[in-house]
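For reference, the structure is listed below as structure tokens.
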Amino acid sequence: MRNIPEKPSIDGLEERWSARWEADGIYRFPADASRDDVYSIDTPPPTVSGSLHMGTVFGYAQTDAIARYQRMKGKTVFYPIGWDDNGLPTERRVQAYFGVKCDPSLPHEDGFEPPARPFDPPRPISRRNFIELCHILTEEDEKAFENSFRILGLSVDWTHLYTTIGESTQEISQRAFLANLERGEAYAQEAPAMWDTDFQTGVAQAEMEDRERPGAYHRIAFHRQDQEPIYIETTRPELVCSCVALVANPEDSRYRDLFGRSVSSPVFGVEVPVVGHHLADPEKGSGIAMICTFGDTTDVTWWRELDLETRAVIGRDGRFQEETPEWIESPQGRAAYAELAGKYVNQARRRMVEMLQDSGDLEGEPRPITHAVKFYEKGDRPLEIVTSRQWYIRNGGRDADLRGELLARGTELDWVPDYMEVRYRHWVEGLTGDWLVSRQRFFGVPIPLWYRLDEKGEPDYSDPLTPHLSDLPVDPGSDVPPGYTADQRGAPNGFVGEYDIFDTWATSSLTPLIAGRWGQDDALFKSVFPMDQRPQGHEIIRTWLFSTVVRAHHEFGSLPWTRATINGWILDPDRKKMSKSKGNVVTPDALFAEHGADGVRYWATSARPGADTAYDEGQMKIGRRLAIKILNASRFVLGLADDVAPEAVSQELDRAMLARMAEVVGEATSAFDHFDYARALDVTESAFWSWTDDYVELVKSRAYGEGGDAASAQAALQLSLSLFLRLFAPFLPYVTEEVWSWWKEGSVHRSPWPEITEVAHLTGDPAIMDITAEVLSQIRRAKSDAKVSMRNPVASVVVADSPSRLEAIRAAEADLAEAARAERIDYVEGDFEVRTEIAAPM
RNA sequence: GGGCCCUUAGCUCAGGGGUAGAGCGCUUCCUUGACGCGGAAGAGGCCAGAGGUUCGAAUCCUCUAGGGCCCACCA
């Protein structure tokens, strides 16, 4: 009747059961769910470039354990998944793979076929064609990712798969932005912004990082009217030509008499004012600094607050502009600038230093230092500050009220672990400007706007043309705004499309809306939003988490989810975040093959929520061993007898064991309710090993029917096995499902989470279990010391202990004697001691 | 420069006012009637350091030192 394999194995369970789960649709989200019954998870869409990273496996396995627990608790779990295929990494791969480059001004080419080999030289194609190629290239990776996730055993609903470049996503992204625009939360501005000269795009504050770079202080003389030198120190001497003022602290007596006067710049002879500002630090350098437009973000602050001129010299390509600026008037100055024109920053710096040395305005040698320089996190060259027209979404960076509201959202959110909230708070408190969402790139969601052209063909940016919502998604590079015809593109009194696209985060910030099909499936959205859980890594609190909060706050006046669970990182043996560049790349698929998906999941779910964790294959081996043990122990229990009614449990030891089981169920449930899946696993695992080592050994003979109450032991074993399988199911979905299938109908993953009430009426004094196990352990020790087999008979055992404990042992005497192979057990009162007299070997 | 987390057995980590815990590794033994992808037993630690609070501190507080991370206007 039970179909138990002769030699059970955990190999091959992944393919078999993942296919079965999909065929049976056991993780499918029903169309008619009501919000109260739903547990919804805003799963991170992993970036699909290259192979699945172990860090991803780590975090997703943890979330999956929680999802499975909630499902077994009776929740209707909404567990969608997406692929983040939108953005620069894909764009770069497509360019190289097909030999194309995107020219958004080109019209869409119908029937464009991807080339068999890359075009050489690269062929320009329209943005829409380019995006089609991105789809083609990412499709393969997405298949591989999906397969890995299925093997890992994620209980996601694959019918709710989305991609961040997909049409439905673009529609939502554009519609959400148009709503922001209409409410005034989105705006465009011509302003200095951080700019990557390689990628030639603006960059948001959240995407910048500091890197330590060698630099040098150059002590440079400006000159007063009386030719007296005023020394400034700068790491960027090449920007002397864009200097608009010198600045010192108003309290600084050394420079007080200079305020309001002007000095002339070396080499160029441009007169600039000397101004005072509290941000000027008397301790830094010579206490007086040159303000350039723009060398760093402090320059922008000074420029804005002191209302200074704009003298930009570095172009979007990172080179000094060709034409000599009009503010350099002297012939020598203009000649000097010609030396810099067209040069990149580093070349210009070297030439400028030479010119300063020649003119005698560089005092001493440059003094080498190491300083932090801002980089785009994906870039290789320091960011420059370039004035450009960019789109922004208000995020509280320039508005104290909004900032306060967003800080309140951070407090409202339930953080697991709770100390992660400070990262959010510090980020929001430290914002210096609104969120720059436009990118001068191609592979992303287009900003859905056009601009009117006047009679001279000049665009009017003040009043953009917007699409009909029913036409979304649109590509303004190839689609035409309402009321216009295609031939009016670029013509006087016609229109021009917005070239920019949204930053990846501008779309990723909408994942709860995308997964919930906001505005596309109202019933679904209503049943899942706001979501219950956002799982993610701590390094993207400032980006993904914060931006999602901003969008939900603007659109719904609520949080996007009630709880954020923050997972840690995988650290390599050097205690650094594990990264592909380190070389020791292990693909998850290889680990699944070696340790089983259950083994890998065991490692991931052993880690505390939020804790950075060492990459440890040893831990996976332990998980694999546990899975095998479950298989074998189950085979033993289920091979003993057919189902025995729970009421058959009568023996004290059996009741004691079930009392311990009730405690385990309580502790594991409580741990899960606090999102501490690791503790739930730990509690269950320890109990399981005691169960096999002690309880199973104690009752084995009786359960075989070799004396005593066999039915009681069999019923207790079956009851406890049922509990263990369900307690382990969120962690080890394959082995538990396999065993469940030998025995029960349906999936263990759709069966109810264990309740204490299942065994509460069958429990006894748990101390009997503990004390009996303790005595058995002492007898084993004696055998081990005597270097004899555990099956070696024992002539006599004398247990000394307190009367109450002796009574407990007596309650299990028959089982204990049988397990110990003891002919007799005697009892004396006293301090705990077990005297064992080993019999001669048989 | 500011902040957060961490520091417990050789290793990976639990514990979080009342006699130091697990697994791995190591040592010894067992030869298999659920399990050699086994089983039993053992050795191994001033809980980073210094002060304080307390009858009592690995645990709470302060400082110090290491490690990691986040942030910062980088002249």
Side-chain angles (χ1 to χ4, degrees), chain A residues 4 7-11 209-213 215 217-218 220 232-236 239 246-248 279-281 284-292 295-302 369 371-374 382 417 419-427 429-430 432 538-539 541-542 568-569 571 573 575-577 595-596 599 603 606-608 610-616 618-619 621-622 624-640 678-679 682 685-686 689 692-693 696-697 700-701 704 706 776-792:
Chain A
I4 306 172
K7 186 82 180 163
S9 164
I10 66 164
D11 294 326
E209 64 185 26
D210 284 352
R211 295 184 201 163
E212 292 289 323
R213 282 291 177 274
Y217 279 130
H218 299 74
I220 295 174
I232 59 110
E233 291 194 6
T234 181
T235 55
R236 303 204 59 179
L239 289 176
L246 298 192
V247 64
L279 282 182
D281 183 352
K284 275 187 185 166
S286 57
I288 187 164
M290 75 173 173
I291 303 174
C292 309
D296 61 39
T297 53
T298 321
D299 281 344
V300 178
T301 307
W302 281 326
I369 55 155
H371 62 156
V373 180
K374 287 229 180 296
Y419 59 77
M420 290 294 179
E421 191 201 339
V422 300
R423 299 195 181 215
Y424 175 94
R425 195 165 62 238
H426 288 167
W427 175 252
E429 285 169 351
T432 56
H538 50 68
E539 79 281 12
I541 288 173
R542 66 174 182 166
W569 278 351
L571 306 177
R575 311 257 72 190
K576 297 277 164 77
K577 186 186 181 186
H595 307 292
W603 158 71
S606 299
R608 264 25 213 196
D612 292 346
T613 302
Y615 171 78
D616 185 2
Q619 202 67 7
K621 289 198 178 99
I622 297 164
R624 182 183 170 84
R625 197 176 69 123
L626 173 63
I628 292 169
K629 190 76 175 180
I630 290 171
L631 217 50
N632 286 312
S634 301
R635 195 172 98 88
F636 165 71
V637 171
L638 297 177
L640 287 170
R679 184 170 154 66
D682 187 46
E685 189 193 3
S686 318
W689 285 109
T692 59
D693 293 351
V696 170
E697 291 304 321
K700 193 180 267 180
S701 295
Y704 273 131
E706 293 170 358
L776 179 61
S777 175
Q778 291 295 317
I779 297 169
R780 283 174 180 154
R781 178 185 197 159
K783 290 183 181 180
S784 189
D785 289 347
K787 307 199 171 186
V788 300
S789 161
M790 289 301 137
R791 302 182 58 78
N792 197 90

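Chain A is the first sequence line, chain B the second, and so forth, proteins listed ahead of strands; every chain is numbered from 1. Owing to the predicted nature of the structure, the values given are computational and were not obtained by experimental measurement.
Pairing for C4(B) goes to G68(B), judged as Watson-Crick or G-U wobble with the two contacts each under 3.5 Å. Pairing partner, G44(B): none, since no Watson-Crick or wobble contact has both distances short of 3.5 Å. Across all strands shown, nothing is found opposite U53(B) as a Watson-Crick or G-U wobble partner with both distances under 3.5 Å. G23(B) and C11(B) make up a base pair, with Watson-Crick or G-U wobble contacts both under 3.5 Å. Pairing for C37(B) is absent, judged as Watson-Crick or G-U wobble with the two contacts each under 3.5 Å.
For Arg625(A), a side-chain nitrogen or oxygen approaches OP1 or OP2 of G39(B) to under 4.0 Å. Distances shorter than 4.0 Å separate some side-chain N or O of Lys629(A) from OP1 or OP2 on G39(B).
Backbone-only contact: Ile622(A) has heavy atoms under 4.0 Å from sugar-phosphate atoms and none from a base. If you check every strand for non-hydrogen atoms under 4.0 Å, Arg608(A) touches sugar and phosphate atoms only. At the heavy-atom level, Gln778(A) lies nowhere under 4.0 Å from the strands shown. Contact annotation for Thr692(A): base contact, defined as any heavy-atom pair under 4.0 Å involving a base atom.
Taking atom C1' in both U59(B) and A48(B), the straight-line distance is 15 Å, to the nearest Å.
Rounding to whole angstrom units, CG of residue Leu279(A) and C1' of A72(B) are separated by 13 Å. Summarising the geometry, the separation between CZ on Arg780(A) and P on G39(B) is reported as 11 Å, rounded to the nearest angstrom. The separation between Met790(A) atom CE and U32(B) atom P is 13 Å, rounded to whole Å.
Residues from residues 630-640 of chain A with heavy atoms under 4.0 angstrom of RNA chain B, sorted by number: Asn632(A), Ala633(A), Arg635(A), Phe636(A).
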Stepwise side chain to side chain contact (heavy atoms under 4.5 Å, CB included) check, Lys374(A) with Asp296(A): CA-CA 9 Å; Lys374(A) 287 229 180 296; Asp296(A) 61 39; over 6 Å; no
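The nucleotide whose nearest atom lies closest to any side-chain atom of Arg624(A) is, among C71(B), C37(B), A41(B), C37(B). When distances are taken from the side chain of Ser784(A) to each of C71(B), A40(B), C30(B), the shortest belongs to A40(B). Distances were taken from every side-chain heavy atom of Trp569(A) (C-beta onward) to each of C71(B), U28(B), C69(B); the shortest belongs to C69(B). When distances run from any side-chain atom of Arg781(A) to the nucleotides A40(B), C37(B), G42(B), the shortest one goes to G42(B).
For Lys374(A) against C74(B), a side-chain-to-base donor-acceptor contact under 3.5 Å is absent.
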